[in-house]
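So the structure is just underneath, and the comments pick up after that.
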Amino acid sequence: MMPSEFVQTEDWTFDDILRCSKDITTYEVDIPVAQSNKIAQEGTPAVSYIEYRILLTLLAVIEREKDFTGWYKFYIPALAKLSNVDMRSMRKTLEGITVSLKDKQIFITSENSEEIFCVNWLSSLYSSFKTGFVCVRLNPSLAEWSVNLKEHYMRERLSALVCYVRYAASILHGFFCSKFNYSTSRMNAVEMERYVKEITIPIDSLKFILSNERQISRYDKTSNFLIKVVVPALIEINAKNYYHVYAPPKTEPVMCQIDKPLFRINKNGKTITKITFFVGAGKNNTRLAEQRIIDAKEAEKQKEKTSQLKEAKRQGLNIDESSDRELIDAILKAIPKGQLQNFLEKTTTVS
């Protein structure tokens with residue numbers, strides 16, 4: 001449904017839409033964005049990088065609001081800042097975006113199937129430089145891929161995904177995030193710091209997820225694609241240090257493999273068939289930072305429990321350290337009967 005049709009159908013003006021829209025640009029850029037692993041590993045946004053930043057921000061806000069039916073608005077100067085575009089060129093850029101985004105789709109495929117899902121990003125879009133706002137509604141069908149995800153999903157801070165200069169670096173960050181976080185979900189921070197994930201992807205699938213309407217057609221030759229798209233993206237990922245892409249480990253030489261500084265190439269004859277990355281957590285990794293907090297809280301909890309056990313033992317109580325229930329029972333037994341009864345009577349009176 002086009003914005004004009006929506007306004008006419010519901011008898012709304014742009015002022016009505018503007019008034020009921022939630023302002024996306026008031027949200028902190030550190031809010032998380034969630035995507036199904038299917039999108040992160042086998043999908044392509046098929047949009048420009050500026051459009052991708054806008055759509056990711058929408059997904060992040062909607063993931064928090066859990067509302068695909070409402071309107072959301074961007075303040076255009078803030079949108080220019082988010083998109084790394086100056087205001088002079090923002091008007092021209094935005095005019096092109098508002099036209100092109102209406103029909104843009106996200107494509108999701110599978111290594112094991114020839115099926116491709118095509119889902120429109122937006123259901124409605126309206127902009128006005130006079131008011132300074134762009135109002136949009138995402139396609140409710142995207143909810144299946146981005147909210148209420150119970151398992152197999154990639155969750156990352158918006159700030160980490162949109163910090164890159166290169167479109168391919170942002171997409172690969174999400175791809176690495178979905179693979180790495182899934183494999184380390186049961187690790188503590190120390191284990192996660194030492195872990196290096198080996199990620200192999202068919203070259204055709206890599207081209208698909210990195211497809212960009214402005215670039216991909218220029219790199220039909222795989223060697224050019226690797227040199228012009230993949231290598232610069234990996235260098236930028238290492239510079240940002242959310243993830244670190246390592247050189248392939250030393251192994252016995254294999255005829256069909258060639259090791260490059262940042263990945264391993266698998267070949268069938270002269271044809272490149274697969275690429276393997278070796279990815280670990282960088283010092284800025286958001287998942288690692290969260291796990292450190294979890295570990296610290298768990299360590300504090302264990303410290304407190306140990307302290308309680310030591311105190312109980314000091315008082316001569318017989319306690320099995322493996323049982324919280326026995327700790328509670330032992331403490332209750334240690335309280336003189338009269339004091340315990342008095343305490344219980346006071347509790348009953350208060351309640």
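Computation of the quantities below employed the complete heavy-atom set of this structure, encompassing side-chain atoms and omitting hydrogens, waters and symmetry-equivalent molecules. Note that this is a predicted model, so its numbers are computed, not measured.
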### Sidechain N-carboxylate O distance under 4.0 Å for D259, R264
yes

### Task
Check for a donor-acceptor pair, side chain of K73 on one end and backbone N or O of L18 on the other, with a separation under 3.5 Å.
yes

### More than 12 heavy atoms from other groups under 6.0 Å of NZ on K260
no

#### Entry: Ionic contact status for D295 with R292, cut-off 4.0 Å
no

### side-chain hydrogen bond (donor to acceptor under 3.5 Å, both in side chains) evaluation trace for S159 with D30
CA-CA 5 Å; S159 56; D30 271 345; 2.7 Å; yes

### Message
Testing the basics here: between F208 and E42, what is the closest heavy-atom pair and its distance to 0.1 Å?
### Response
CE2-O, 3.4 Å

#### Entry: Residue pair I31, R64: steps toward the side-chain contact (heavy atoms from CB on, under 4.5 Å) verdict
CA-CA 8 Å; I31 61 175; R64 174 173 290 188; 3.2 Å; yes

### Message
For the backbone of L142 and the side chain of S146, can you confirm whether one donor and one acceptor N or O come within less than 3.5 Å of each other?
### Response
yes

### Task
Check each of V230, L226, I199, T222 against I275 using the side-chain contact (heavy atoms from CB on, under 4.5 Å) test, and report the only one that passes.
L226

### Query
Has the side chain of E290 got a donor or acceptor atom that lies under 3.5 Å from a matching backbone atom of R287?
no

### Task
Decide side-chain contact (heavy atoms from CB on, under 4.5 Å) for F277 and L206; before the verdict, give the C-alpha distance in whole Å, the side-chain angles of both, and the deciding distance to 0.1 Å.
CA-CA 12 Å; F277 303 105; L206 184 63; 4.2 Å; yes

### Task
Check for a donor-acceptor pair, side chain of N241 on one end and backbone N or O of G282 on the other, with a separation under 3.5 Å.
no

### Summary
Only one of E236, E156, K240 passes side-chain contact (heavy atoms from CB on, under 4.5 Å) with H173, and that residue is E156

### Task
For residues N188 and Q291, report the shortest heavy-atom separation together with the two atoms involved.
C-CG, 3.8 Å

### Task
Examine distances only and state if a side-chain atom of N285 and a backbone atom of Y242 form a donor-acceptor pair shorter than 3.5 Å.
yes

### Parallel, tilted or perpendicular: rings of Y49 and Y167 (30°, 60°)
perpendicular

### Task
Would you confirm whether N37, through its side chain, and K179, through its main-chain N or O, come within 3.5 Å as a donor-acceptor pair?
no

### Task
Verify, without hydrogens or angle tests, whether N120 (side chain) and L122 (backbone) share a donor-acceptor contact under 3.5 angstrom.
no

### Task
Kindly check if the number of other-residue, nucleotide or ligand heavy atoms within 6.0 Å of OH (Y182) is above 12?
no

### Task
Measure from the side-chain N and O atoms of T200 to the backbone N and O of T276, and report whether any donor-acceptor pair falls under 3.5 Å.
no

### Query
Of all heavy-atom pairs between P45 and Y52, which one has the smallest distance, and what is that distance?
CG-CE1, 3.4 Å

### Query
Passes side-chain contact (heavy atoms from CB on, under 4.5 Å), L56 versus Q35? Steps please.
CA-CA 10 Å; L56 276 183; Q35 292 180 354; 3.4 Å; yes

### Task
Show your working on side-chain contact (heavy atoms from CB on, under 4.5 Å) between I106 and T44 and close with a plain yes or no.
CA-CA 6 Å; I106 183 168; T44 178; over 6 Å; no

#### Entry: Gap between atom CD1 of I293 and atom CG of L288 - 0.5 Å precision
10.5 Å

